[in-house]
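Before any comments, here is the structure.
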Amino acid sequence: MAGQVRDYWRNFIGGEWVDAADGRSIPIVDPASGEVISEVACGGAADIDRAVAAAHRAFESRVLLQMTPAERGELMFGIAKQLDGLADEIAEVEVHDNGKTRPNGYKEVALTQRYLRYYGGMADKLEGRQIPLGDGVVDYTVHMPFGISAQIVPWNGPLPVGARSIACALITGNTVVLKSPEDSPLSLFLFAEACERAGVPKGALSIVCGYGAEAGAALVSHREVDHIVFTGSVETGKSVLRAAAERVIPCVMELGGKSAGIVYRDADLDRTARNVARGIFHHSGQICSAASRVLVHRSIHDVLVEKLRIEAGARSVGPGIEGCDMGPVISEKQLARIEALCRAGVQEGAKLACGGRRLDRPGYFMPPTIFTGVAPRMRIANDEFFGPVLVVIPFDTPEDAIRIANGTDYGLAAGVFTDDLRLAHWTADRLIAGQVYVNDWWVGGVETPFGGAKRSGYGREKGQEALLGYVQTKNVGIRL
Ligand code: NAD
């Protein structure tokens, strides 16, 4: 037992805490030490079947739809309140299960509560339209839930990423089966405890941990599932979409990114370096919208690189329990992938300004890494590291910068650093990305729509737009 992490966790299916149908479990490894610290029931197709059956019964009973929208909103407020009492344990779990720093563990709880309160407040504000058709006819639209929403989340931020989709689904009257990530499932089980205590109806939410190829694949191809929300990699996303296509199921797809920050020559370079460094090194770069490429005007290239190197060097890397700035990456597999991509960069001729190799200590630690001399065609300029690795690419004209920024398969986020408002607008207008930040990274939050263009996916999470991905429009026409 590490800290306060429990030894064993059951799945939450149909309002009950249950072992896997076949009795298997998955070991939970602390990425800061590489040691097994706990175990979780390993759900498979039979467990998914049971969860979907419970979700089906709950949907058919109309238990959520019999509540008023305001009551469904109150339910979200109740879950948020229950999380207060679980915050210490969640933060502890995030440190050991996920490699987060303790302050980040607490921030994830606060962010989750924000999502619950934001969507709780929206529950009674999703309105239809009345459409004028002339004398003798009344016509109006209503938003119908899809039914059972299958949700799959990745390991980097399972709690807030899971909670925001669950909240959108429940307030619109859908029931949910969520497959939690096998590498870091624990915080979502504590979320399930909060839901249970807050009185979420039995079966309206099940949370099942299992391997992607088993439990994940069984869930997205289940015949009773009506809607899919997938957050993860492009490759897995494609297989989820193939399963969805078989049954013509609507999907919200939140996939990866290779987001570029464009730094023009008039930018405040201290501020820019601070924001870009935060954008790429926060949670060791394991954020889909990380600032993983910086495109810098050639005239200020060397000055900015030096400032970024200083920012990188100022970060302490180590276990979250030791109060370090940057924790480990999630697993040996992920660390090996990041290192292999770094080696490919060196082989292609890029130069390491710092980092590039794992730390020589137990656990999966990658130091802040910066590549210079990067050409847009190189693998490291196109492939997602999902780690603390920044590539710096020089440009000469704004047109050049746009071409390079838009030149990858991804289109999740982008940034612009300049004091010239016209240039900022000109650039934001031409960037193909779901979010654009000016003079900062991650401007926005729970309220601002988030999602991808191109291979970064489609549909939106966060903000009011997200709700429209959880409902379908029904038109009712009445001849009087
Ligand atoms: P992944 O695609 O390997 O796994 C994501 C989830 O899918 C996991 O729960 C996994 O078990 C499940 N899965 C795996 N195979 C499956 C299958 N055949 N059928 C159904 N489910 C399956 O991704 P990851 O490595 O866990 O996460 C990193 C990726 O997620 C990165 O590409 C990152 O950019 C992306 N991501 C995107 C966002 C976003 O909002 N756009 C947020 C976080 C992470």
Side-chain angles (χ1 to χ4, degrees), residues 99-101 104 107 154 156-157 256-263 267 269-296 301 304-317 324-330 334-335 337-339 341-342 345 350-359 364-374 376 378-394 401 404-405 408 410-417 431 433 435-444 450 456:
K100 290 191 190 296
T101 62
N104 281 348
K107 274 189 198 158
N156 62 328
K258 190 76 181 176
S259 304
I262 297 175
V263 187
L269 294 189
D270 287 323
R271 180 175 165 194
T272 301
R274 231 178 12 254
N275 287 320
V276 169
R278 186 172 56 85
I280 183 63
F281 300 135
H282 179 71
H283 194 26
S284 300
Q286 301 168 107
I287 310 253
C288 49
S289 52
S292 50
R293 292 184 294 158
V294 64
L295 316 186
V296 54
H301 174 276
L304 183 67
V305 168
E306 187 48 27
K307 288 183 189 299
L308 287 166
R309 233 175 40 79
I310 292 168
E311 284 287 338
R315 283 166 163 76
S316 58
V317 182
C324 297
D325 301 318
M326 247 177 67
V329 298
I330 190 74
Q334 180 64 8
L335 182 58
R337 208 185 141 265
I338 295 168
E339 278 195 313
L341 205 43
C342 285
K351 300 265 173 303
L352 275 167
C354 60
R357 277 182 184 200
R358 70 174 71 198
L359 297 189
Y364 315 126
F365 293 96
M366 187 72 191
T369 296
I370 301 176
F371 272 105
T372 60
V374 178
M378 290 180 181
R379 255 188 82 196
I380 56 168
N382 290 278
D383 290 9
E384 189 183 33
F385 278 92
F386 219 56
V389 184
L390 176 68
V391 301
V392 185
I393 304 174
I404 301 168
T408 73
Y410 292 109
L412 191 56
V416 190
F417 295 86
L431 284 167
Q435 287 203 330
V436 177
Y437 316 120
V438 178
N439 288 330
D440 199 347
W441 201 264
W442 294 314
V443 185
F450 178 81
S456 290

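In this chain, residues are counted from 1 in sequence order.
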Grab the two heavy atoms, one from [X] and one from [Y], that are nearest each other, plus how far apart they are.
| X | Y | result |
| --- | --- | --- |
| P376 | A381 | O-CB, 3.6 Å |
| V329 | Q286 | CA-OE1, 3.4 Å |
| F385 | V391 | CE1-CG1, 4.4 Å |
| M366 | E339 | SD-CG, 4.2 Å |
| M326 | T101 | N-CG2, 4.5 Å |
| C288 | F450 | SG-CZ, 3.9 Å |

Self-check item: Whether H282 and W442 hold their rings parallel, tilted or perpendicular, with breakpoints at 30° and 60°
Solution: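 Correct class here is perpendicular.
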Measure the shortest side-chain to side-chain distance between [X] and [Y] over non-hydrogen atoms and say whether it is less than 4.5 angstrom.
| X | Y | value |
| --- | --- | --- |
| N156 | I330 | no |
| L341 | V389 | no |
| L431 | I262 | yes |

Quiz item: Roughly how far, to the nearest 0.5 Å, is CD1 of I287 from OG of S259?
Solution: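 Spacing of OG (S259) from CD1 (I287) equals 11.5 Å.
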Self-check item: No-hydrogen, no-angle side-chain donor-acceptor test under 3.5 Å, D325 and S316
Solution: yes
Self-check item: SB check E311 R315 (cutoff 4.0 Å)
Solution: yes
Quiz item: Can you list the steps and then say if Y410 with T408 is a side-chain contact (heavy atoms from CB on, under 4.5 Å)?
Solution: CA-CA 5 Å; Y410 292 109; T408 73; 3.7 Å; yes
